Each structure stands twice: as structure tokens, then as C-alpha cells.
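Remember, it's a predicted structure, so these values are computed and weren't measured experimentally.
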Amino acid sequence: MTYRSDLLRLLDERGYIHQVTDAEGLDALASKTVVPAYVGFDATAPSLHVGNLVSIMMLRRLQQAGHKPIVVMGGGTTKIGDPSGKDESRRLLSAEAIRSNIASIRRTFERFLTFGDGPTDAILVDNADWLDALGYIPFLRDVGMHFTINRMLSFDSVRLRLEREQPLTFLEFNYMILQAYDFLELSRRSGCRLQMGGSDQWGNIVNGIELARRIDGTQLYGLTTPLLTTADGGKMGKTEKGAVWLNPDSLSPYDYWQFWRNTQDGDVGRFLRLFTDLPLDEVARLEALEGSGINVAKKILADEATALAHGAAAAEAAGETARKTFEEGAAGDALPTLKVAGRILLTDALLGLGLVASKNEARRLIQQGGAKVDGEKAVEDATILVDGEVRISAGKKKHGLLLP
């Protein structure tokens, strides 16, 4: 389909569109007026991760196309937990922990979006503002009557859990109703007309559209992105060290830069379109590079993605640290550091610097000859005297500094 609106054309050209509930209707609406649109994020940790980044970038594209982003933090829904794509129930968090996580996560959005009071400025809202105030019986009567158990059991978030004979609590079963109610409430409060999200949210989005049509007679729209996997079929953002966090308190800008620098060759062009603001003709040029040239494209991807998440200065420092570390063999300022008073075992140093996930992994690394102290291969779990700067390496790409 050829889109007329800047919004859908931009999303389509950069590879964000998987499904749209009424593409022609949304395209016509976006061509003639500002469309407020939302994505919801539960606050299960102090930081979002790279798996959330496509949705964040969609909100950024929305604003770039002249429309209004609404960031919905799940202060209410986090108390339940979204069963979509999960094999087991989430650990329930206290209200205080959820509030703390929301405050921490907001800092990430301030990097990607412009907030304010203007017609296309982003706003951040908390669904606890309306969900916490719901009366259970009135809610069941007014909203629950529009949902059938038969249909709810057909959605993947429920069906897959039941097929695998994994427990699904009644608490989680209610999640899709509350998310649908969010869309209805946002259409009333903020004139929201579009919900966006990953492909696993399709059923929840459609529920919200149907609910608003039945109760208020309002026409709403939904748009989902493709399931994002790497060229080898792996899950985007999944690494040996765990999640790739967006908050610098959870993952250093240097490690974030390295994540993008280590992108597989086959993913470079797609990731440049999705995760940077580079013009599409420049993306096409970089994507066509071959041989050693693809490493130039990867460094640009790392620079651009890190600058969006952490600022240009952090991206420049990370890139310079990588250059010094790998091209000059020197230590860079952005490497992870660990202060040591006196001596430390190499296994403890590797773990403390975050270069390995466990002591067992550290021991295997040492046994296989992959651990180095000041460039020298370590053949045993030696005790290191830290009376000056000591460089620790785990393989060729992971480095850290011990400081006295």
C-alpha cells in the first residue's frame, strides 16, 4: 500500500509496520490532523532495555512526523504483570518500587522525545491514575460485560500458556481487560486515537479498539511492529551478560556502544533504519559496504544509537575508548573500573568488572586461555596486586581496569 501521510510513510520506509487495524482510515486521519498515539511500558525494573527500543523509536518517529506521543507507564498494570510471551508469573513489586522504577525510566524517554505542553509535545502518564481508582463491581458491570471468556482464551498470551500447561493466574488473566480499558480512558482524557506496540500486543490492542467502539462509539486504531530477531534468528538484545539496558546506571555507555558495534553484518542496514536518525540514502550507502568497510558502518551505528540513548559526548567517549583499547592497546576512560585495596583474585576481578556473569564462567575463561592481565595470558586464578592501574581482559572485546 502507498501511504499519503508522513507518519505511515516514515514508519513503512524504516521497517516498523507489521499490522495495522485500518491502514486506510489511519492514513487519512494522519494526513489531516495531529494524531495522539501511545505505547505502554510496565515498570518492572529501573530501566527499559533494547527490546523496548523499537517502541520508543516509533514514538520518536511519530513526533518527527508532527504527531503527539503519549508514554503510558504501567503503574497500575505492573501490579499484575503482562502474560504475553511469558512462561511464568512475574514477581509482584511493591507500589514504592514501581514508583521508583517509573522515575528512573522517565530519564530514558527524555533522551528520545521532546516533552511539553505543545500540540505535538510528548506527555507521560501513569495508568495507576485511573486503574487504582476503579471499583471492582462497577468495572465488571461496565467493562467486563464486553469480554467473552471464549475470545479471551483464543489470544496467544493466554492460549500458549495453557497449551504448555503452565499456570496462568486469574490476576494475569485480567491484564488484557485493563490494557483495553487504558485505551478507552486515554481516548477520553487525551484524545488518543492510536495504540502502537510489538506484534505480541496485537490481541490486547484490538480489544481496546473494540471496547471503545462498543462503549463510546469511538474509532480507534492499532499498529504493531514485526517481532525483531537478529540475522541468526536470536532474540534482539539478548546477550551472554543478560539484558542490554538503556539506563546508564544499569549498563555503561561503553558497553552499550559495544553492543551495537558487535552487530552481525546482516543486521546493520535494518538496525540503522530502525535505531538511528540517519537519512535513508546514507543508510543504503552504509548497508552496501563490504569487507572491512562494514566495520565502518557498525561504528557509525554504535555512535548514532549511543548518542540517542546517552548523548553525543558519551558516544564519542565510548568510541574513543574502543579505538584506544583495540587499535592502540591502551586503556580508555570509559572502560568499566573496580577499586581494589591491595590484592584480588582474578576470578573476583573478572566478576567485579562485569566481564563475566559468574565465577564458574571466569574459571572456564581462565582455563581456556581467554583471560589476560595487562595483556599477558593468565593460566591460573592468580592473585593480582593492585598498586597501580591494572588492565583485565576477557577475550578480545571485553576489558576493564582495576584501580588502587
Side-chain angles (χ1 to χ4, degrees), residues 36-48 52 55-56 59 68-84 86 88-110 113 115 117 122-147 149 152 155 157-158 168-197 201 203-212 214-216 218 220 222 247:
Y38 95 92
V39 179
F41 302 86
D42 281 344
T44 55
S47 173
L48 298 177
N52 302 115
S55 292
I56 296 172
L59 289 172
K68 187 176 185 67
I70 303 174
V71 178
V72 178
M73 293 307 307
T77 44
T78 302
K79 297 171 184 174
I80 293 176
D82 184 358
S84 301
K86 304 294 187 296
E88 57 185 21
S89 300
R90 281 178 174 163
R91 179 174 61 89
L92 296 182
L93 301 178
S94 68
E96 182 181 352
I98 292 171
R99 284 193 297 270
S100 175
N101 287 347
I102 290 174
S104 178
I105 289 169
R106 183 185 175 108
R107 289 180 291 160
T108 293
F109 286 108
E110 290 171 346
L113 302 171
F115 287 83
D117 299 323
I123 60 173
L124 185 145
V125 299
D126 183 349
N127 65 13
D129 291 347
W130 54 86
L131 294 182
D132 283 1
L134 288 174
Y136 185 61
I137 299 300
F139 180 72
L140 289 181
R141 283 176 58 88
D142 297 340
V143 177
M145 64 177 292
H146 297 289
F147 292 81
I149 296 295
M152 293 172 75
F155 288 110
S157 60
V158 173
L168 178 74
T169 66
F170 180 70
L171 185 69
E172 294 172 287
F173 192 60
N174 280 273
Y175 189 95
M176 67 177 71
I177 300 178
L178 295 180
Q179 183 169 326
Y181 185 74
D182 280 348
F183 204 176
L184 172 65
E185 190 69 25
L186 286 163
S187 74
R188 292 171 172 174
R189 289 173 175 241
S190 305
C192 183
R193 290 294 174 265
L194 171 64
Q195 182 182 357
M196 302 184 295
Q201 295 298 312
N204 291 336
I205 292 172
V206 169
N207 276 335
I209 292 171
E210 284 294 304
L211 184 65
R214 292 186 180 195
I215 293 180
D216 286 354
T218 305
L220 302 181
N247 190 314

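Contact of the Q195 side chain with the V39 side chain is not registered, since no non-hydrogen atoms from C-beta on lie closer than 4.5 Å. Side chains of F183 and N204 form no contact here, defined as non-hydrogen atoms less than 4.5 Å apart. Counting only heavy atoms from C-beta outward, the side chains of S187 and L220 approach each other to under 4.5 Å. Residues F147 and N207 have side chains in contact (heavy-atom distance under 4.5 Å, counting atoms from C-beta outward). In this structure, the side chains of L211 and V143 come closer than 4.5 Å at one or more pairs of heavy atoms. No side-chain heavy atom of Y38 sits less than 4.5 Å from a side-chain heavy atom of L194.
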Derivation and outcome, side-chain hydrogen bond (donor to acceptor under 3.5 Å, both in side chains), residues Y175 and D42: CA-CA 12 Å; Y175 189 95; D42 281 344; 2.8 Å; yes
Using the rule given for side chain to side chain contact (heavy atoms under 4.5 Å, CB included), can you reason through Y181 versus N127, listing the C-alpha separation, both sets of side-chain angles and the distance that settles it, and then say yes or no? CA-CA 10 Å; Y181 185 74; N127 65 13; over 6 Å; no
Test log, rule side-chain hydrogen bond (donor to acceptor under 3.5 Å, both in side chains), inputs Q179 and Q201: CA-CA 10 Å; Q179 183 169 326; Q201 295 298 312; 3.1 Å; yes
Given side chain to side chain contact (heavy atoms under 4.5 Å, CB included), test M196 with L59 step by step and report yes or no. CA-CA 9 Å; M196 302 184 295; L59 289 172; 3.9 Å; yes
Verdict with supporting geometry, F139 and I177, side chain to side chain contact (heavy atoms under 4.5 Å, CB included): CA-CA 10 Å; F139 180 72; I177 300 178; 3.6 Å; yes
Let me see the working for T108 and N247 under side-chain hydrogen bond (donor to acceptor under 3.5 Å, both in side chains), right down to the final yes or no. CA-CA 6 Å; T108 293; N247 190 314; 5.0 Å; no
List the steps and the verdict of side chain to side chain contact (heavy atoms under 4.5 Å, CB included) for L93 and K79. CA-CA 6 Å; L93 301 178; K79 297 171 184 174; over 6 Å; no
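Applying the salt bridge (charged side-chain N to carboxylate O under 4.0 Å, His left out) rule to pairs touching residues 174-191 yields E185-R189, R188-D216, sequence neighbours excluded.
Atom CG of residue L184 and atom NE2 of residue H146 lie 9.0 Å apart, to the nearest 0.5 angstrom. With rounding to the nearest 0.5 Å, the separation of CD1 in I205 from CD in E210 is 13.5 Å. Distance check: I70 CD1 to L124 CG gives 10.5 Å after rounding to the nearest 0.5 Å. Note: I56 CD1 to I105 CD1 = 9.0 Å, rounded to the nearest 0.5 Å. For the atom pair CG (L178) and OG1 (T77), the distance works out to 7.5 Å, reported to the nearest 0.5 Å. R193 CZ to T218 OG1: the interatomic distance, rounded to the nearest 0.5 Å, is 5.5 Å.
Taking both residues in full, the closest heavy atoms of S55 and G197 are given as OG-CA, 4.3 Å, listed atom of the first, atom of the second, then distance. G191 and P36 get closest at one heavy-atom pair: O-CG, 3.4 Å. The two atoms that bring A37 and C192 nearest to each other are CA-SG, 4.0 Å, heavy atoms only.
A donor-acceptor contact shorter than 3.5 Å links the side chain of D126 to the backbone of A128. Remark: side-chain polar atoms of S100 are not paired, donor with acceptor, to backbone N or O of E96 under 3.5 angstrom.
The ring of F115 has its center no closer than 6.0 angstrom to the ring center of F109.
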